[in-house]
Each structure stands twice: as structure tokens, then as C-alpha cells.
Amino acid sequence: MNTEPTRPSNFIRDIIEADLAAGRHRTIRTRFPPEPNGYLHIGHAKSIWLNFGVAEDYRGACNLRFDDTNPHKENPEFVAAIQDDVRWLGYDWADRLYFASNYFEELYGFAVELIEKGLAFVCELDAEAMRAYRGTLTEPGRPSPYRERPVAENLDLFRRMRAGEFPDGSRVLRAKIDMAAPNMNMRDPVLYRIRHGVVHHQTGAEWCLYPMYDFTHPVSDALEGITHSLCTLEFEDHRPLYDWVVEHVSVPGRPRQIEFARLNLKYTVMSKRRLTELVEQGHVAGWDDPRMPTIAGLRRRGVPPAAIRDFCRRVGVTKADAMVEMGVLENCVREDLDATAPRAMAVLRPLKVVIDNYPADTTETLEAPRHPKDAAMGRRELTLAREIYIDREDFREEANKKFKRLVTGGEVRLRNAYVIRCEEAIKDPDSGEVVELRCSYDPATLGADPVGRKVRGVIHWVPAYQSLAAEVRLYDRLFTAPVPGAGRENKDFIADLNPESLVVLKGCRIEPSLATAAPGERFQFEREGYFCLDGDTGDAGIPVFNRTSTLRDSWSRTEAGG
RNA sequence: UGGGGUGUAGCCAAGAGGUCUAAGGCACCGGGUUUUGAUCCCGGCAUUCCCAGGUUCGAAUCCUGGCACCCCAGCCA
């Protein structure tokens, strides 16, 4: 992990360095605090990278803590998936796995402390009434009629709330702060609510009283000795409340909350609500659908964890709302995969080629490097035969000089093999479609340029009978709009789904050496892109490859531009 | 007409009174190498820092006043 390029400076690191220099802390402690109510996405990756990275750089530690105070939305599947994803990203929390629910008893004690100090009270206003009392953004709220209840009564009521004597929604515990505060979060915020009949994934049926985030988070941070509690910008308004809790309750630490801007990516969505909707309404195949911006989706797509870390580093950490282009991620993926992915040949849309002057009853074994710039990756064997497949896109009956591939009467280099000439294109008499090419090859061109002429194009190929059948799934951006739902009625992001985000190619042929590939292995199919072997199999058990990314393609631009 | 934030190139982002006629990355535009139209290499790409005043010998950096955008009225996190 330390072979990674230096993490650039940012305002959070500046704060940490200043704190260290001033002797406010001897060592740094951070935490990544997901709520287990969904899968992690690339926005979380930024937080994970920041929290674990900063801890690593300043020789501190980062805890993994599940913020599990709302049993209605949380479940063990998410708890497990989140751990898998953090680990896969390359981070290790050692024995520091925590749950906010582990602190329920302490939390309860601190709530009692607040009541005893006259800083919290049991309120019987229902949700609607409480909203009315809260006031608005421009008008102050009014105090709850229950605000001045005696301490002893509050204590008794709170104990009975825990004991299960009151139904859901009948009572809450509230902090007594300031109903006229311009910051809505300070208008006597709710600290505890009653939830009967839910089985919490960690604490079971032990509690019917659950603490709110604003109370739980600062206490949990303090209990764990967190020095810097990093969170996203929308919690900025909560910081005064965070500080209030830390100050008024006898916790052992003084954590400091620092907010940074969350990651936004064009052409995708990042909110848990929207991702959940995509999954539950079946717009994608699941949380790990390769089109999803989830960590699980990116993993299945073939994106290497190092590319995600690099992406986080490049994007930076600031307080300015940012909308990052997909191109940055794609570049990180290509950069990593160019260096690490073995090369192979795969023909996605096969067109049969018969090399007429090649002996019919033999094949030839050729060798090719697994990587053009990394000899250590070794070599692989290719089988050349009289009948091969090339991609339909690499042949045109006629074309102008810019088309560097095969045309009738023209020559092209078969990658890692000979130069061939197309003598004739055989067409289906009914449809006129080209169904086969009759070619000849020049035996003198293996590893050597032909004499007296130059061949500009190189195309990939596979042997017709020795190659393997495969299914290839081509992925494109999930949405057609840079900000899905923007400008639509009800922000209807579903309407911006890209109908061509997935194209399945079933008749593909891949080179024989791919027979031993294992699920999760990544390759560059030369001239096509980067692909990752999926765990699924296609028709008749054939392997399935997911396209992680195309190669950069200046040809399509040239051609489109005329 | 409340509070909290943010504004540097198409997209991110350094920068903290002079070394800024403003780093770096992505994108884009050339040119070179190449048995991947890939990679790689070389070059180009903000006289300008949301706007307007002001302070100063000197400002993206300080002051004042505007403007724009984001977040907040869950017994969600």
C-alpha cells in the first residue's frame, strides 16, 4: 500500500498537521462510519480513502464503525457486504470493528446524565405537533409544553420508555437547547425515539429505545478516542450540536468534526435512495451490476481497487461542491490496466476468413508476449489455421485511405502473425451480407515486413476451430444525462436511464489461452478494451466477459469527423 | 427579509501580499515512435483568479459591498 503515490495535501491534512504540531494530539484516530442500509458506492470510497489514508500517513489508526441506530433500514447483508468492500479496496481495520449499537448502554447513561443536568426532557408532542412548534427557517420555534418538566419526572419517564411502557411515537427524549436558534438543529433536537417490534441485527430485541444520529455520533467518536471525525458537508449545520453533546456529557474525549464535499460523478447517481430504487425496481441486475457506481459493481466490472484509490487521490478533498467527469475514473482504470492486464485476442463480431493458400490439414503454433512492455508476464501460444475469424468491423469492401484495416484487394497484418490479402468477399445471395472472406497470406511476413510495400493496418484474429465461444457484455454509462433527473418533473431520474447501457454479444470467439482464466481476472483484448471474466456463465456454460473500459479511440473520432 | 457553506480554465484542483504575465491531473488540439488507430514521447491549452469598489510600491491572496450556487424545518443518517 505504501507504493502508492504521495497523497496530495488538502485542508484536512493541514488541520491534522497543525493539531499534531501544537501537541493537541500525540496520535491521530479516524473512523469510517457507514450505516448498513445499503451497499457502499464510489462516494464512500472517497471517505474510506480519506479516513484510512490519513490515519496511515500520520501513523494513527482508522476504525470501522457501523452507525446502526435505525434498525428499520439496516440488515446483516449490508454489514457483511460493507466489510467485503472496504477490505477489497485495500484497507484493514484490524481488531477495530465497532458498532454504535455496542454503546447503547453507555449512550443511555449519558442521556440520563443530560436529564440530571436539566439538559434533556421527555416530550409528548407527536411528530406533527413537534414540527409546528419547531418554527420555520425564518421564524423561531416555541418551547414544548413539556420542556420544564422536573428532573425526577423526566428520569422516571425515560426509564419507563426504556422499559417498554409507552407505544411508538408517544414520547421522545429531547435536548433542551434553544427553540429560537437560527440553526434548526439546535431547536431542542430529538435524542431518543421509541421503536417496538424491530429486531436489531446486533442487539436483537433488547431495546425498544433507539438513539438518534446526532446524539450517537459524537458519543461514539469520543468513546473510541477519535481525534478527527470527518464527514460530508451536509453535516456542517450539525457541528454545533455535535460540540454541544461532547461538551455536556462526560465522555472521555474531545473529537473534532471536519466536513468535506461529497463526491458527485456525472452520468450516474450516488444517493442511497436512488441506488436502492434502481435495484428494487429491477432497472439493474443487483447492487453488483457492473453499471452501478457501487464498489461491488465496480469490482464486478473489473475496475482494480488501486484505480479507485488513485481516482480518490486525483479528485482531491475540498469543501467546494464538485461534479467530476467520468473520464477521470476511466483514465485511472486504463492507466492501471494498461500496466497490469495481460493481452489477449478476442473477436467480438466474428467474420470467417479462409486463407486459401494456407495448408488445410495443419495448424501452426505462434508465440506472443502477454504484455508488450512487461516481459516478466511471459508469453502465450497462439494457434494459426487455414480458417480464422476477424471482426466484422475490420473489413470493408472498399474504403478511403484513412481506413487502415482490410478491404477487398488490400493487405493487413494479422496481429502476431502474417500479412494477408483479401481476394474476395463472399456474400449471402439473398441479403447481400458479407459472410466470408477468401484471403491469401504471405509466408515471408512472420515477424518481418513485406518487401516492396508497406502494410499499415494490424487487426486481431482467432482460429476458427481452436478458439473458444464466449459471451461479452458491453457496458456504457447508466444514464444519458450528466445529472440524471435534473430539469424533469419530480426529478425523475429513471427517465434518464440509458437504454443501451448494456449490450450483450453472445457469439464471440476468444483465443485458446483464455481457457484457464479465473473469474475476476482482467485482460486487455487487444484493440477492443479491458475485460474481466465474470462469475456467471452464458448459454451452454460459456464464459462471460464484462467490458471494464474501452481503449482510448482516436479512430472513431477521425471517422465521425469525416 | 433565518442560519451554515462554496465560488481559480470544459471538469477536478494547487495557491495563504511580491518567486503568479497562476502548479498538477482529466478533457481537448497538434507532432513523433509503434505488428494494439492502444501505450509511450514532445508541444499547445487562464495577462487571469464570481463581480464592483477600496487598502498597498505591489492582491487570486487583505477590507467593503454585491451576485451566483449548495445544505438545513425526519421521532433518517
Side-chain angles (χ1 to χ4, degrees), chain A residues 8-10 14 33-35 37 67-70 72-74 123 125-127 130-132 134-141 168-174 181-187 189-195 210 212-214 216-217 231-240 259 261 263 266 272-273 313-332 334-335 338-339 343 345 368 372-373 402-405 412-417 419 445 447-449 455-460 482 524-529 550-559:
Chain A
S9 184
N10 59 54
D14 292 344
E35 183 188 13
N37 67 344
D67 221 327
D68 56 347
T69 56
N70 186 0
H72 272 294
K73 296 183 173 178
E74 301 155 6
C123 182
L125 253 22
D126 63 29
M130 201 180 293
R131 195 178 319 125
R134 187 152 35 223
T136 69
L137 296 178
T138 51
E139 305 156 32
D168 288 12
S170 64
R171 283 165 183 77
V172 293
L173 182 74
R174 291 227 256 166
N183 180 344
M184 301 292 283
N185 294 117
M186 301 301 268
R187 321 245 262 228
V190 172
L191 265 24
Y192 269 90
R193 76 286 215 183
I194 298 169
R195 288 281 180 275
Y210 290 94
M212 300 286 288
Y213 167 88
D214 282 315
T216 309
H217 212 83
C231 65
T232 43
L233 250 30
E234 67 270 26
F235 291 101
E236 213 150 18
D237 286 343
H238 295 244
R239 191 171 64 231
E259 312 84 12
L263 172 69
K266 288 186 183 175
K272 213 116 71 151
R273 199 210 100 226
R313 183 182 63 79
R314 293 195 204 195
V315 154
V317 180
T318 67
K319 297 189 66 142
D321 292 308
M323 180 65 77
V324 179
E325 291 177 343
M326 273 294 180
V328 182
L329 211 210
E330 284 169 6
N331 182 72
C332 293
R334 291 193 182 115
E335 203 167 277
D338 175 57
R343 312 285 125 123
M345 291 195 283
K373 286 187 283 194
K402 281 187 176 174
F403 186 77
K404 305 201 306 191
R405 288 116 98 151
V412 79
R413 156 86 57 190
L414 291 180
R415 175 77 165 150
N416 297 124
V419 169
T445 55
D449 285 329
V455 174
R456 293 197 308 146
V458 180
I459 64 174
H460 56 96
Q524 184 197 97
F525 289 167
E526 289 188 294
R527 303 209 314 130
E528 289 290 356
T550 59
L551 257 23
R552 187 174 280 109
D553 180 11
S554 56
W555 160 244
S556 66
R557 261 199 296 270
T558 307
E559 193 185 35

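Convention: sequence-line order gives letters A, B, ...; per-chain numbering from 1.
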Exercise. Residues two or more places apart in sequence or in another chain: which of them pass side-chain contact (heavy atoms from CB on, under 4.5 Å) with A:Leu263?
Worked result: A:Ile42, A:Lys46, A:Met270, A:Phe311, A:Val315, A:Val324
When the [atom1] atoms of [N] and [M] are considered, how many whole Å apart are they?
{"N": "B:C40", "M": "B:G17", "atom1": "P", "value": "38 Å"}
{"N": "B:G10", "M": "B:A16", "atom1": "P", "value": "24 Å"}
{"N": "B:C75", "M": "B:C50", "atom1": "P", "value": "39 Å"}
{"N": "B:G74", "M": "B:C12", "atom1": "P", "value": "31 Å"}
{"N": "B:A60", "M": "B:U19", "atom1": "P", "value": "10 Å"}
{"N": "B:C71", "M": "B:G37", "atom1": "C1'", "value": "47 Å"}
{"N": "B:C69", "M": "B:G58", "atom1": "P", "value": "35 Å"}
{"N": "B:C11", "M": "B:C70", "atom1": "P", "value": "16 Å"}

Distance test, side-chain N/O of [X] to OP1/OP2 of [N], below 4.0 Å:
{"X": "A:Arg527", "N": "B:U34", "value": "no"}
{"X": "A:Arg273", "N": "B:A77", "value": "no"}
{"X": "A:Ser556", "N": "B:G37", "value": "no"}

Problem set entry | Chi class for B:G7: syn within 90° of 0, otherwise anti | anti
Counting the atoms with a prime plus P, OP1 and OP2 as sugar-phosphate, which does [X] contact under 4.0 Å by heavy atoms, base, sugar-phosphate, or nothing?
{"X": "A:Gly447", "value": "base"}
{"X": "A:Asn70", "value": "sugar-phosphate"}
{"X": "A:Asp68", "value": "nothing"}
{"X": "A:Arg334", "value": "nothing"}
{"X": "A:Pro33", "value": "nothing"}
{"X": "A:Tyr192", "value": "nothing"}
{"X": "A:Leu125", "value": "base"}
{"X": "A:Asp168", "value": "nothing"}
{"X": "A:Met345", "value": "nothing"}
{"X": "A:His238", "value": "base"}
{"X": "A:Phe403", "value": "base"}
{"X": "A:Arg187", "value": "nothing"}

For this session: Map A:Trp555 and A:Asp67 onto RNA chain B by nearest heavy atom, then report which one ends up closer to the 5' terminus.
Result: A:Trp555
Seminar exercise, completed: On RNA chain B, more 5' by nearest nucleotide between A:Gly327 and A:Glu526 is A:Gly327
Exercise. About how many Å separate OG1 of A:Thr69 and CD of A:Glu74, when rounded to the nearest 0.5 Å?
Worked result: 6.0 Å
Checking contacts here: which listed nucleotide ([options]) is nearest the side-chain heavy atoms of [X]?
{"X": "A:Arg193", "options": "B:C76, B:C71, B:U36", "value": "B:C76"}
{"X": "A:Arg134", "options": "B:G2, B:C75, B:U36", "value": "B:C75"}
{"X": "A:Pro182", "options": "B:C40, B:C76, B:G2", "value": "B:G2"}
{"X": "A:Met212", "options": "B:C75, B:C28, B:U36", "value": "B:C75"}
{"X": "A:Asp237", "options": "B:C71, B:A73, B:C28", "value": "B:C71"}
{"X": "A:Ser554", "options": "B:G37, B:C40, B:A73", "value": "B:G37"}

Over how many whole Å does the gap from [X] atom [atom1] to [N] atom [atom2] extend?
{"X": "A:Arg131", "N": "B:C72", "atom1": "CZ", "atom2": "P", "answer": "16 Å"}
{"X": "A:Glu330", "N": "B:A38", "atom1": "CD", "atom2": "C1'", "answer": "15 Å"}
{"X": "A:Met186", "N": "B:C71", "atom1": "CE", "atom2": "C1'", "answer": "17 Å"}
{"X": "A:Leu233", "N": "B:C70", "atom1": "CG", "atom2": "P", "answer": "13 Å"}
{"X": "A:Glu35", "N": "B:C76", "atom1": "CD", "atom2": "P", "answer": "10 Å"}
{"X": "A:Glu234", "N": "B:G4", "atom1": "CD", "atom2": "P", "answer": "18 Å"}
{"X": "A:Glu259", "N": "B:A77", "atom1": "CD", "atom2": "P", "answer": "18 Å"}
{"X": "A:Lys404", "N": "B:G37", "atom1": "NZ", "atom2": "C1'", "answer": "5 Å"}

Measure the shortest side-chain to side-chain distance between [X] and [Y] over non-hydrogen atoms and say whether it is less than 4.5 angstrom.
{"X": "A:His217", "Y": "A:Pro33", "value": "yes"}
{"X": "A:Arg171", "Y": "A:Tyr192", "value": "no"}
{"X": "A:Glu528", "Y": "A:His460", "value": "yes"}
{"X": "A:Tyr210", "Y": "A:His72", "value": "no"}

Problem set entry | Working for salt bridge (charged side-chain N to carboxylate O under 4.0 Å, His left out), residues A:Lys73 and A:Glu35 | CA-CA 9 Å; A:Lys73 296 183 173 178; A:Glu35 183 188 13; 5.9 Å; no
For this session: Would you list the pairs meeting side chain to side chain donor-acceptor pair (under 3.5 Å) in which at least one residue belongs to residues 314-328 of chain A, sequence neighbours left out?
Result: A:Glu236-A:Lys319, A:Asp310-A:Arg314, A:Arg314-A:Glu335
Exercise. Is a side-chain N or O of A:Arg187 found less than 3.5 angstrom from the main chain of A:Arg134, in a donor-acceptor match?
Worked result: yes
Problem set entry | Backbone N/O of A:Asn183 and side chain of A:Asp237: donor-acceptor pair under 3.5 Å | no
Does [N] have a Watson-Crick or wobble partner in any strand here, with both distances under 3.5 angstrom, and which is it?
{"N": "B:U6", "value": "B:A68"}
{"N": "B:G58", "value": "none"}
{"N": "B:U21", "value": "none"}

For this session: Would you give a per-nucleotide map of nucleotides 9-14 of chain B, 5' to 3', where B means the base has a protein non-hydrogen atom under 4.0 Å away, S means only the sugar-phosphate does, and - means neither?
Result: -BSSSS
Going by modelled atom types, is there a donor-acceptor pair between the base of [N] and the side chain of [X] at under 3.5 Å?
{"X": "A:Arg405", "N": "B:G37", "value": "yes"}
{"X": "A:Gln524", "N": "B:U36", "value": "yes"}
{"X": "A:Asn183", "N": "B:G4", "value": "no"}

For this session: Looking only at non-hydrogen atoms, find the nearest pair between A:Val190 and A:Arg174 and report the distance.
Result: CG2-CD, 4.0 Å
Problem set entry | Electrostatic pair A:Arg343-A:Asp338, nearest N-O below 4.0 angstrom | yes
Exercise. Planes under 30° and centres closer than 5.5 Å, is that true for A:Tyr213 with the base of B:A77?
Worked result: no
